[in-house]
There are 2 protein chains.
Amino acid sequence: MLCSIPIVCRVDHAMQLTLKQLRYFVCAGENASVTKAAKAMFVSQPSISSAILHIEEQTGLDLFIRHHAQGLSLTPSGQRFMLKAKQLLEEADNLGKFATSLTESISGSLRFVSLPTFAPIILPSVMRQFRDLYPDVHLHCDEADQEKILAGLLEGRYEFAVTYDLQVPAELEFTPITEFPPYVLLPSDHPLATATAVSIEQLAEHPMILLDWPMSRDYFYSLFLSQGVEPNIAYRANSLAMVRGLVANGLGYALFNTPLASDTSLDGHKIVMLPLTGSPHPTRLGVATLKDVRSTPAANAFIDKLRTQLM
Amino acid sequence: MLCSIPIVCRVDHAMQLTLKQLRYFVCAGENASVTKAAKAMFVSQPSISSAILHIEEQTGLDLFIRHHAQGLSLTPSGQRFMLKAKQLLEEADNLGKFATSLTESISGSLRFVSLPTFAPIILPSVMRQFRDLYPDVHLHCDEADQEKILAGLLEGRYEFAVTYDLQVPAELEFTPITEFPPYVLLPSDHPLATATAVSIEQLAEHPMILLDWPMSRDYFYSLFLSQGVEPNIAYRANSLAMVRGLVANGLGYALFNTPLASDTSLDGHKIVMLPLTGSPHPTRLGVATLKDVRSTPAANAFIDKLRTQLM
DNA sequence: ACTTAAGCATAGGAAAAACCTATTCAGGCT
DNA sequence: AGCCTGAATAGGTTTTTCCTATGCTTAAGT
């Protein structure tokens, strides 16, 4: 039979002091009296007494010199211990204040995320306005594709996301802010450029420049499919600027939904923007947040600014 | 009948978070799991759960995103709160460590007090030795008369006192270290200077220089009174140096108990030191501490050094 | 699609801690 | 000596903490 080795459960008997006990002790130390401390803390005298005794037992310190019938005074060790205890209590209070500041004040930092499609178009001015109002809040804006955005929200990396309402899972809340109806970008010498509006059917036969991003791709494709036609993809591009350049140089038309301020491509050619007839399904832009998590005041303030900006 | 005004008890509902709750929360946050935290903390899963819920209720924060059947992740607020909570817990641990350091290690600072009569004669060399052994301990030595010494001990201003066992109250513990038998200081041309020892009776008629300090005065007087004679006080002086100067210049003899290393006064005259016959009552030098308060290791170490120095 | 597994929340009762009232005890004060 | 003050103790009650058992919701597996 083997020798059974006794396993010593090493729970590392860390001194167990509660904040309450420390509070009682400090109060007694400052008043040099258990009774006065009891009055100040709105508890009975034995409560203070036993808290002190408990700390003395836990630490092995003699905190007080008991003067019979006339209160207490701190021992030198007690004085030193009280100093540190007060610091700790201070920090504990600060933690509480910090918590309320997180729920109540617009401060600290704010992390959010958006799609690179329109982040640089919409967010800079909102961030500018926000910074002017709340200069102490540190803004951090990431750009990522929809998949990463949703994962980041679920993992708590971002407080909110400015994105489309596409494939948003049930755990997330999507509050729409505005809609972007799709429109056509045409080179100025395109046969359809003189119309006031064009239909999907009209466009189908012409060569198209496709913004080749996961979401855009699916969305614009769906506009044709819902009309029973298929687009004639001549070129694919990976940035808005490139698409505009290709259009401006007459290589085809493109569909867009994010509003563009400029009617000129980077190389100086003019572009014509026309609405689509038949009110095609617009994309909905909004804010995605976690369903069961209250937003911070900073996040709410930012989202408000975003809303007024877009509406 | 007067309107009864309802008194709103404004107890300033300060957020009541316990360290234990914070510990549970942090552990859950670090493990991204209530269950794992429960195992790590050796408590049941609901204990962790309710601690978190309690903090969330108290602070109004949503600390975690609950992923059904696959743990938790911290919200942005939760992340920030956890950082601060960890800091607080760190500080709490430090307080515990500080307490044990007070009881176990020779460190920090050490305040004590002694009588100016012999403090400068005895303590400097002990302090020197102590500093060489424990250079990090800060020594603070006050000088005060017996009355102030005793009050200072009772108020916790000093950890111990090096003094005589005179009028020590019951709350204090006096541990004697050594005895100082009184002896005579004579000018070298004094009629008794050639003897090997002198008696109190012999001295009584000669002019005496009295060290006019409360305790010394009473003590030396008592040596005469116990023999049924009275001293012939010619001069009174307020310092050892002055007494020695007066003696050396032939103005009288003096009684001393603290041992002197030099047989020369400050102005260069020789002094003769002779023992008293009849073994008069010696003064007892020792250490006074509070009776019910354990001394710190630093104090014990110092007192040990003092004892080996004097014995 | 249905079942199983994982994992947090809730319920209810038991154990522990905190608290309160009443009393004791030890020194000062008159 | 007797009263007063103020801390400690005793004993019982309330509050908190903790545990077991169960429910509920989604992911994963078949």
Side-chain angles (χ1 to χ4, degrees), chain A residues 11 16-25 27-29 31-58 62-75 78 150-151 154-156 169-172 290-293, chain B residues 11 16-25 27-29 31-58 62-75 78 150-151 154-156 169-172 290-293:
Chain A
V11 188
Q16 275 308 45
L17 303 173
T18 71
L19 290 173
K20 193 183 280 186
Q21 284 160 357
L22 291 174
R23 239 179 280 276
Y24 287 180
F25 156 64
C27 191
N31 294 47
S33 157
V34 172
T35 307
K36 280 182 194 152
K39 278 170 189 154
M41 303 296 264
F42 301 104
V43 291
S44 72
Q45 171 260 314
S47 293
I48 306 287
S49 197
S50 74
I52 294 168
L53 258 46
H54 185 259
I55 298 177
E56 287 188 320
E57 191 191 352
Q58 287 279 310
D62 294 318
L63 297 172
F64 286 110
I65 305 158
R66 273 78 170 175
H67 301 123
H68 297 277
Q70 44 187 33
L72 312 164
S73 39
L74 286 158
T75 61
L150 300 175
L154 291 174
E155 288 165 21
E171 296 95 312
L172 298 182
L290 283 158
K291 194 161 264 170
D292 307 316
V293 174
Chain B
V11 188
Q16 273 308 43
L17 302 174
T18 71
L19 290 173
K20 194 181 278 186
Q21 284 161 355
L22 291 174
R23 239 181 279 277
Y24 286 179
F25 156 64
C27 191
N31 293 59
S33 157
V34 172
T35 308
K36 281 183 194 151
K39 278 171 189 154
M41 302 296 266
F42 302 105
V43 292
S44 72
Q45 171 259 313
S47 294
I48 307 287
S49 198
S50 73
I52 294 168
L53 258 47
H54 184 259
I55 298 177
E56 287 188 320
E57 191 191 353
Q58 288 280 310
D62 294 319
L63 298 172
F64 286 110
I65 305 157
R66 272 78 169 175
H67 301 124
H68 296 278
Q70 43 187 34
L72 311 165
S73 38
L74 286 157
T75 62
L150 300 175
L154 291 174
E155 288 165 21
E171 295 96 311
L172 298 182
L290 283 158
K291 195 162 262 172
D292 306 316
V293 174

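For clarity, every value in this text was computed on a predicted model and none was experimentally measured.
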Check: residues 31-45 of chain B side-chain donor-acceptor pairs under 3.5 Å, at least two apart:
unit_1	atom_1	unit_2	atom_2	d
B:Ser33	OG	B:Thr35	N	3.2
B:Ser33	OG	B:Lys36	N	2.9
B:Ser44	OG	B:Ser47	OG	3.2

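For B:Ser47, a side-chain nitrogen or oxygen approaches OP1 or OP2 of D:dC19 to under 4.0 Å. A close approach under 4.0 Å does not occur between any side-chain nitrogen or oxygen of A:Arg66 and OP1 or OP2 of D:dG6. Contact check, A:Lys20 against C:dC19: a side-chain N or O comes under 4.0 Å of OP1 or OP2. Contact between the side-chain N/O atoms of B:Thr35 and the OP1/OP2 oxygens of C:dA6 is not found at any separation under 4.0 Å. A sub-4.0 Å separation between OP1 or OP2 of C:dA18 and a side-chain N or O of A:Gln21 is present. OP1 or OP2 of D:dG6 has not a single side-chain nitrogen or oxygen of A:Lys36 nearer than 4.0 Å. Taking 4.0 angstrom as the limit, A:Ser49 places none of its side-chain polar atoms (N or O) nearer than this to OP1 or OP2 of D:dA7.
Distance A:Ile48 CD1 to C:dC20 P: 9 Å, rounded to the nearest Å. Note: NE2 (A:His54) to C1' (C:dA17) measures 9 Å, nearest angstrom. One can place NZ of A:Lys39 at 8 Å from P of D:dG6, the figure rounded to the nearest angstrom. Rounding to whole angstrom units, CG of residue A:Asn31 and P of D:dG6 are separated by 12 Å. When the P atom of C:dA9 is taken as reference, atom CD1 of B:Ile55 falls 13 Å away, rounded to whole Å.
Among C:dC8, D:dA7, D:dC18, the nucleotide with an atom closest to any side-chain atom of B:Tyr24 is D:dC18. For A:Ser44, taking side-chain heavy atoms from C-beta onward, the closest of the listed nucleotides C:dT10, D:dA7, C:dC20 is C:dC20. Each of C:dA18, C:dC8, C:dC19 was ranked by its minimum atom distance to the side chain of A:Thr18; first place goes to C:dA18. Looking at the side chain of B:Gln70, the nearest of the listed nucleotides C:dT21, D:dA27, D:dC19 is D:dA27.
Contact annotation for A:Phe64: no contact, since no heavy-atom pair falls under 4.0 Å across all strands.
Using a distance-only test at 3.5 Å, with no hydrogens or angles considered, no donor-acceptor pair links the side chain of B:His54 to the main chain of B:Thr18.
If you find the closest nucleotide of DNA chain C to A:His68 and to A:Val43, the one lying nearer the 5' end belongs to A:Val43.
The shortest non-hydrogen separation linking B:Tyr24 to B:Ala51 is CD1-CB, 3.7 Å.
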